[in-house]
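Scroll down for the structure; my scribbles are underneath it.
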Amino acid sequence: MSNQERTYIMVKPDGVERGLVGRILTRFEQKGYKLCSLQMMQPSKSLLEEHYKDLAKKPFFPGLIRYMSSAPVVGMVWAGKDAVKTGRKILGATNPLDSEPGTIRGDYCIDVSQNLCHGSDSVESAEREISLWFPAGVCDYQRKYDSFIYE
């Protein structure tokens with residue numbers, strides 16, 4: 001299978017609080033992506049600061065860290081063809097008001113500060129985020145029905 005890659009998708013506190021984890025997970029399963037890891041956790045401030053280090057100088061950074069540590073998050077690793085790019089399409093635009101209907105953000109949220117999910121923006125950042133959130137590694141297995149998804 002060509003373009004096999006992994007991506008990190010995280011359901012943020014608003015998605016967990018609103019009970020949308022299953023719906024978000026279902027979107028990726030229905031698309032045909034393979035779930036390699038899943039974990040609910042209450043992230044530490046230091047983990048969040050490392051994850052969002054590229055935003056550290058932004059004025060909204062302290063509020064982002066407070067929000068992201070306000071409730072549990074659910075981290076997931078998905079694998080498949082063009083998983084990073086397609087995963088971001090499934091999520092929709094960062095600003096939900098710019099998201100198309102049929103995307104997770106387009107269907108379930110309104111405000112950019114409560115946009116339900118995080119999705120890796122590149123293969124490199126996906127691998128960094130996966131190693132950060134899943135330091136013990138993820139499950140790697142071969143699905144029997146991938147021949148029904150991929151040529």
Side-chain angles (χ1 to χ4, degrees), residues 1-56 64-65 67-96 98-109 112-151:
M1 152 178 32
S2 64
N3 297 327
Q4 176 73 22
E5 61 192 30
R6 302 185 307 173
T7 192
Y8 178 69
I9 302 294
M10 177 172 43
V11 182
K12 295 179 179 180
D14 55 318
V16 173
E17 291 280 339
R18 292 178 56 199
L20 296 173
V21 174
R23 289 175 189 245
I24 293 166
L25 195 144
T26 296
R27 298 278 182 109
F28 285 85
E29 285 184 324
Q30 288 175 332
K31 183 69 175 174
Y33 287 111
K34 176 175 74 172
L35 181 62
C36 298
S37 201
L38 174 74
Q39 178 180 340
M40 180 179 228
M41 67 180 295
Q42 183 77 45
S44 67
K45 181 180 177 190
S46 62
L47 177 60
L48 291 167
E49 288 173 342
E50 179 62 25
H51 177 82
Y52 289 112
K53 68 182 179 181
D54 59 321
L55 303 175
L64 173 64
I65 300 303
Y67 156 65
M68 289 298 298
S69 59
S70 68
V73 300
V74 174
M76 299 176 271
V77 178
W78 293 94
K81 186 175 184 180
D82 293 323
V84 172
K85 182 175 88 173
T86 304
R88 290 181 64 84
K89 286 182 182 178
I90 292 168
L91 295 180
T94 301
N95 183 342
D98 296 332
S99 293
E100 295 293 323
T103 65
I104 291 167
R105 291 176 177 143
D107 290 349
Y108 296 119
C109 57
V112 71
S113 66
Q114 306 287 314
N115 68 358
L116 297 177
C117 320
H118 163 82
S120 300
D121 62 3
S122 69
V123 173
E124 296 76 24
S125 65
E127 291 303 322
R128 182 185 76 81
E129 292 167 356
I130 291 166
S131 65
L132 182 65
W133 290 89
F134 293 94
V138 301
C139 189
D140 187 21
Y141 62 100
Q142 194 65 38
R143 290 190 304 189
K144 291 177 177 53
Y145 71 85
D146 275 351
S147 63
F148 293 103
I149 298 172
Y150 300 103
E151 289 186 279

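Computed from heavy atoms alone, side chains included, the values below leave out hydrogens, waters and symmetry copies.
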Could you walk me through whether M68 and Y52 pass the side-chain contact (heavy atoms from CB on, under 4.5 Å) test, one step at a time?
CA-CA 10 Å; M68 289 298 298; Y52 289 112; 3.7 Å; yes
Tightest non-hydrogen contact, residues E17 and A71, listed as OE2-CB, 3.3 Å
dist D82:CG -> E5:CD (nearest 0.5 Å) comes out at 5.5 Å
| request: Please say whether the positively charged group of K34, taken as NZ for Lys or CZ for Arg, lies over the ring of Y141, i.e. under 6.0 angstrom from the six-membered ring centre and within 45 degrees of the axis. | output: yes
**Close side-chain approach of K85 to T7, heavy-atom, < 4.5 Å** = no
Practice problem: Return yes when atom CZ of R128 has more than 12 non-hydrogen atoms of other residues, nucleotides or ligands closer than 6.0 Å, and no otherwise. | Solution: yes
Check whether Q42 reaches the backbone of S69 with its side chain - one donor and one acceptor, N or O, closer than 3.5 Å. yes
- prompt: Less than 4.5 Å apart, any side-chain heavy atom of P72 and any of M40?
  reply: yes
Give a yes or no on whether the backbone of V112 and the side-chain of R105 come within a donor-acceptor separation of less than 3.5 Å.
no
Check your understanding: So do the side chains of Y8 and H118 get within less than 4.5 Å of each other, counting heavy atoms only?
Key -> yes
Separation between OG (S113) and CG (N115), nearest 0.5 Å, reads 8.0 Å
Taking CG in D140 as the centre, count heavy atoms belonging to other residues, nucleotides or ligands within less than 6.0 Å. Is the count above 12?
no
When rounded to the nearest 0.5 Å, the distance separating SG of C36 from CD1 of I130 is 8.0 Å
From the list M41, Q39, H51, side-chain contact (heavy atoms from CB on, under 4.5 Å) with M10 holds only for H51
Could you go through R88 and T94, starting from their C-alpha distance and side-chain angles, then the distance that decides it, and tell me whether this counts as side-chain contact (heavy atoms from CB on, under 4.5 Å)? CA-CA 9 Å; R88 290 181 64 84; T94 301; 4.3 Å; yes
Contacts of R27 meeting side chain to side chain donor-acceptor pair (under 3.5 Å) (sequence neighbours excluded), chain-then-number -> D107
Closest heavy-atom pair, E29 versus W78, reported as atoms and distance to 0.1 Å, is CG-CH2, 3.6 Å
Check: Are V74 and I24 close enough that some pair of their side-chain heavy atoms sits under 4.5 Å apart?
Finding: no
Note to self: Could you tell me if S125 and D121 have a donor-acceptor pair between their side chains, going purely by distance under 3.5 Å?
What the structure shows: yes
Contacts of E127 meeting side chain to side chain donor-acceptor pair (under 3.5 Å) (sequence neighbours excluded), chain-then-number -> R6
Nearest heavy-atom contact between I149 and G32 is CD1-O, 3.5 Å
task = Mind running side-chain contact (heavy atoms from CB on, under 4.5 Å) on L47 and W133 for me, showing each step along the way?
result = CA-CA 8 Å; L47 177 60; W133 290 89; 3.4 Å; yes
Residues passing the side-chain contact (heavy atoms from CB on, under 4.5 Å) test with K45, sequence neighbours excluded, are E49, I65
Interatomic distance, OH@Y33 vs CD1@I90, rounded to 0.5 Å, equals 6.0 Å
side-chain contact (heavy atoms from CB on, under 4.5 Å) with V11: of V21, L20, L116, only one passes, and it is V21
Would L35 and F28 count as a side-chain contact (heavy atoms from CB on, under 4.5 Å) if you check the C-alpha gap in whole Å, the side-chain angles of each, and the deciding distance to 0.1 Å?
-> CA-CA 8 Å; L35 181 62; F28 285 85; over 6 Å; no
Here the gap from K53 atom NZ to L48 atom CG, rounded to the nearest 0.5 Å, amounts to 14.0 Å
d(Y108 OH, D14 CG) to nearest 0.5 Å is 13.5 Å
